[in-house]
Amino acid sequence: MSEWLNATAVLITAFGLLSAVVAYRMVRDVGSALAVLLDFLVAAGLVRLAGGLSWDGILLAAAVVAVRKLISAGLATARRTAGVSVRGVLYPGGRR
């Protein structure tokens with residue numbers, strides 16, 4: 001069963017990479033795409049952790065969650081302090 005969980009974790013990671021690319025192409029926002037990727041990496045880490053509990057696995061999952069939270073907080077702060085969206089700068093007249 002451990003091999004099955006490892007394969008599932010790799011598949012979730014691959015779907016995460018693909019989803020992040022699709023999210024970027026649709027929204028044109030690196031922060032949103034990165035958030036999607038990190039959510040999938042958290043899911044893959046938790047699936048891998050279910051295969052066998054070890055302190056290394058727990059620390060890795062906690063590190064991925066912490067990085068995801070830090071990046072999300074940093075991007076939210078950057079958006080609030082900037083006050084202007086990138087799309088508004090590139091296309092002053094609206095969407096194209």
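Remember, it's a predicted structure, so these values are computed and weren't measured experimentally.
Cluster partners of Leu59 are absent, since no Ile, Leu, Val, Met, Phe, Trp or Tyr has side-chain heavy atoms less than 4.5 Å from it.
Separating the CG atom in Leu49 from the CD1 atom in Ile58 is a distance of 5.5 Å, to the nearest 0.5 Å. One finds the CG atom of Leu37 at 14.5 Å from the OH atom of Tyr24 (value rounded to the nearest 0.5 Å). Between Asp39 atom CG and Ile12 atom CD1 the span is 12.0 Å, to the nearest 0.5 Å.
Linking Ile, Leu, Val, Met, Phe, Trp and Tyr whenever their side-chain heavy atoms come within less than 4.5 Å leaves Leu60 and Val67 in two separate clusters. Grouping the Ile, Leu, Val, Met, Phe, Trp and Tyr side chains by contacts below 4.5 angstrom, directly or via other members, places Val36 with Phe15. The cluster map of Ile, Leu, Val, Met, Phe, Trp and Tyr, joined by side-chain heavy atoms under 4.5 Å apart, puts Leu34 and Leu70 in different clusters. Under a hydrophobic-cluster definition in which Ile, Leu, Val, Met, Phe, Trp and Tyr are linked whenever side-chain heavy atoms come within less than 4.5 Å, directly or via other members, Leu17 and Ile71 are assigned to the same cluster.
When every heavy atom of Leu46 is checked against every heavy atom of Ala61, the shortest pair comes out as CD2-CB, 4.4 Å. Nearest heavy-atom pair, Leu38 versus Val64, reported as atom, atom and distance to 0.1 Å: O-CG1, 4.5 Å. Nearest heavy atom pair, residue Val27 against residue Ser32, reads CG1-OG, 4.4 Å. For Ala23 against Ala33, the heavy-atom pair with the smallest separation is CB-CA, 4.2 Å.
No option in Thr13, Leu5, Val10 other than Val10 meets the side chain to side chain contact (heavy atoms under 4.5 Å, CB included) test with Arg48.
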